[in-house]
Amino acid sequence: MISRYTVFCQVIKAGSFTQAAEELGYSQSAISQIIKALEQELGTVLIHRKKDGLALTNDGHQYFPYLQGISVAEKNLQEKQQEIKGLKNSTIRIGTFTSVSRTLLPPLIKAFKLEYPAVNFVIRQGEYTSIAEWVRNNEVDLGFVHTAAVSDIELQVLYQDVMAAIFPKEHPLAEQKDVSLSQLTSEPLILLDEGTYSVTLAAFKQQELLPKIEYEVYDDYSIIEMIRQGLGFSIMYQRVLLGMEEELVIRPIRERPERTVALAWRNKETLSYAARTFAEFIVHAIKEETD
């Protein structure tokens with residue numbers, strides 16, 4: 001329903017009751033009644049009706065900028081309401097890798113849905129380059145990526161994800177407080193499959209070392225079970241390993257291999273309101289966590 005303030009402004013803009021009625025889809029008598037009600041509300045005459053049109057009275061001139069301001073504010077409020085309503089039955093598509101989907105995303109989604117319970121999520125798992133491609137092709141709204149593995153894409157850096165070495169409890173290196181990559185080259189490595197860009201392999205290469213790869217596995221928790229079975233050691237992200245200190249031996253690596261995790265999107269200006277709101281929610285939550 002159009003407010004009387006907007007109707008008044010439209011009458012002044014149109015220059016006649018007839019024209020305003022046509023533009024607003026009202027009858028001329030309805031427009032006249034609305035203006036009369038506004039004048040009664042303010043206790044004064046706002047419009048002087050003449051044979052050749054209409055004109056603002058002295059009081060009308062003084063009230064006009066305030067009534068126009070109310071009309072603009074109402075329009076802005078309605079637009080904001082439509083944005084908020086846009087989260088209803090909205091779907092946010094996210095591309096991510098395992099460590100994020102199993103550790104970071106669940107509590108963020110839970111907290112977001114407390115505020116916006118009608119939002120739906122589609123989580124698609126992949127590796128850095130495929131996720132970036134999904135973002136570019138608009139197959140997902142948001143994508144978690146490693147900055148060193150992608151280019152030509154809009155992103156917001158979230159945090160540094162440091163890796164650690166993981167051994168079964170009986171492993172000889174379990175006695176040390178930390179380990180170096182050179183100590184790990186002769187051990188059977190269960191390599192975390194990160195696609196075309198492996199942080200683990202890049203770290204070994206930087207030290208001019210060649211690891212002994214016996215397995216290459218995509219899923220973090222499959223790797224953990226293989227370590228439990230004594231099939232080798234691995235290098236994994238510390239975020240994934242939280243809470244597993246009693247089951248496995250987790251040791252810092254002196255060279256500190258790490259990735260820079262970022263949130264990417266195709267074009268923030270064209271993101272859906274729901275996706276943009278969740279992106280801002282993620283950035284704020286990570287900032288609070290890391291501060």
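Starting from 1, each residue takes its place in the sequence as its number.
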Exercise. I would like to know whether Phe64 and Phe8 meet side chain to side chain contact (heavy atoms under 4.5 Å, CB included); could you show each step before the answer?
Key: CA-CA 9 Å; Phe64 180 68; Phe8 172 79; 3.5 Å; yes

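- Counted within 6.0 Å of CD on Glu269, heavy atoms from surrounding residues, nucleotides or ligands total 12 or fewer; the atom is thus considered open.
- At least one side-chain heavy atom of Pro211 sits less than 4.5 Å from a side-chain heavy atom of Leu189.
- A distance below 6.0 Å separates the ring centres of His146 and Tyr197.
- In summary, the side chains of Tyr128 and Arg259 do present a donor paired with an acceptor at a separation below 3.5 Å, with no hydrogens or angles considered.
- Closest approach of Gln207 to Leu181, counting heavy atoms only: CG-CD1, 3.9 Å.
- In the displayed structure, Lys13 atom NZ is contacted under 6.0 Å by at most 12 heavy atoms of other residues, nucleotides or ligands.
- Rounded to the nearest 0.5 angstrom, Gln176 CD and Arg251 CZ are separated by 9.0 Å.
- The closest side-chain heavy-atom distance from Glu194 to Val199 is below 4.5 Å.
- Side chain of Arg49 to backbone of Ile47: a donor-acceptor contact under 3.5 angstrom is found.
- Under a 3.5 Å cut-off, the side chain of Thr260 and the backbone N or O of Gln160 do not form any donor-acceptor pair.
- Panel note: side chain Tyr218, backbone Gly126; a donor-acceptor pair is recorded below 3.5 Å.
- Of the N and O atoms on the side chains of His284 and Glu280, not one donor lies less than 3.5 Å from an acceptor on the other residue.
- For the pair Val217/Asp193, no side-chain contact is recorded, criterion being any heavy-atom separation below 4.5 Å from C-beta on.
- Closest heavy-atom contact between Ser90 and Ala274: CB-CB, 3.7 Å.
- Looking only at distances, a side-chain donor or acceptor of Arg93 sits under 3.5 Å from a matching main-chain atom of Glu139.
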Quiz prompt | Intermediate values then yes/no, side chain to side chain contact (heavy atoms under 4.5 Å, CB included), Arg228 and Glu247 | solution = CA-CA 8 Å; Arg228 288 194 185 108; Glu247 305 174 56; 2.4 Å; yes

Quiz item: How far apart are the C-alpha atoms of Lys268 and Glu154, what are their side-chain angles, what is the distance that settles it, and do they pass the salt bridge (charged side-chain N to carboxylate O under 4.0 Å, His left out) test?
Solution: CA-CA 8 Å; Lys268 195 167 186 179; Glu154 292 185 22; over 6 Å; no

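- Between the side chain of Thr98 and the backbone N or O of Asp219, no donor-acceptor pair lies under 3.5 Å.
- Between Arg256 and Asp178, no side-chain nitrogen of the basic residue sits less than 4.0 Å from a carboxylate oxygen of the acidic one, so the salt-bridge criterion is not met.
- By the 4.5 Å heavy-atom criterion applied to side chains, Thr91 and Asp141 are not counted as neighbours.
- Taking CG of Leu42 as the reference point, atom CG of Asp59 lies at 9.5 Å (rounded to 0.5 Å).
- Atom CZ of Arg254 has more than 12 heavy atoms from other residues, nucleotides or ligands within 6.0 Å.
- Atom OG of residue Ser99 and atom CG of residue Leu192 lie 8.0 Å apart, to the nearest 0.5 angstrom.
- Within the 4.5 Å cutoff, the side chain of Ile2 has heavy atoms near those of the Leu24 side chain.
- Within a 6.0 Å sphere centred on NZ of Lys169, heavy atoms belonging to other residues, nucleotides or ligands number more than 12.
- Between the side chain of Glu187 and the backbone N or O of Leu184, no donor-acceptor pair lies under 3.5 Å.
- Without hydrogens or angle criteria, Arg276 side chain to Leu271 main chain gives a donor-acceptor distance under 3.5 Å.
- Between the CD1 atom of Ile286 and the CG atom of Leu108 there is a distance of 5.5 Å, given to the nearest 0.5 Å.
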Atom pairs and distances, side-chain donor-acceptor, residues 65-75, under 3.5 Å, sequence neighbours left out:
{"residue": "Ser71", "atom": "OG", "partner": "Thr6", "partner atom": "OG1", "Å": "2.9"}
{"residue": "Glu74", "atom": "OE1", "partner": "Ser3", "partner atom": "OG", "Å": "2.4"}

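- In this structure, the side chain of Lys287 does not engage the main chain of Leu158 through any donor-acceptor pair within 3.5 Å.
- Between Val119 and Lys113, the closest heavy-atom pair is O-NZ, 2.6 Å.
- Atoms NZ and CD, from Lys212 and Glu214 in turn, are 5.0 Å apart once rounded to the nearest 0.5 Å.
- For the residue pair Tyr26 / Gln10, no side-chain donor-acceptor distance below 3.5 Å is found, with atom types taken as modelled.
- We find the CZ-CD distance between Phe97 and Gln125 to be 10.5 Å, quoted to the nearest 0.5 Å.
- Glu39 and Leu46 get closest at one heavy-atom pair: OE2-N, 2.9 Å.
- The shortest heavy-atom contact between Asp152 and Arg136 is O-NE, 4.0 Å.
- Ring centroid separation for the pair Phe121 and Phe278 comes in under the 6.0 Å cut-off.
- There is no side-chain donor-acceptor pair under 3.5 Å between Ser16 and Thr18.
- With contacts defined as side-chain heavy-atom distances shorter than 4.5 Å, the pair Leu263/Phe144 qualifies.
- Remark: of the listed residues Leu104, Val261, Asp220, Leu104 is the sole one forming a side-chain contact (heavy atoms from CB on, under 4.5 Å) with Arg239.
- Side-chain contact check for Leu54 versus Ile12: some heavy-atom pair is nearer than 4.5 Å.
- By the 4.5 Å heavy-atom criterion applied to side chains, Trp265 and Gln156 are counted as neighbours.
- With 3.5 Å as the limit, one finds a donor-acceptor pair spanning the side chains of Glu127 and Thr129.
- Using modelled atom types, one side-chain atom of Thr57 and one backbone atom of Val45 make a donor-acceptor pair closer than 3.5 Å.
- Judged purely by atom type and a 3.5 angstrom limit, Thr277 uses its side chain to pair as donor or acceptor with the backbone of Tyr273.
- Salt bridge Glu41/Arg4: present, at least one basic N to carboxylate O contact under 4.0 Å.
- Contact record, Ile153 with Ala132: CD1-O, 3.8 Å, taken as the closest heavy-atom pair.
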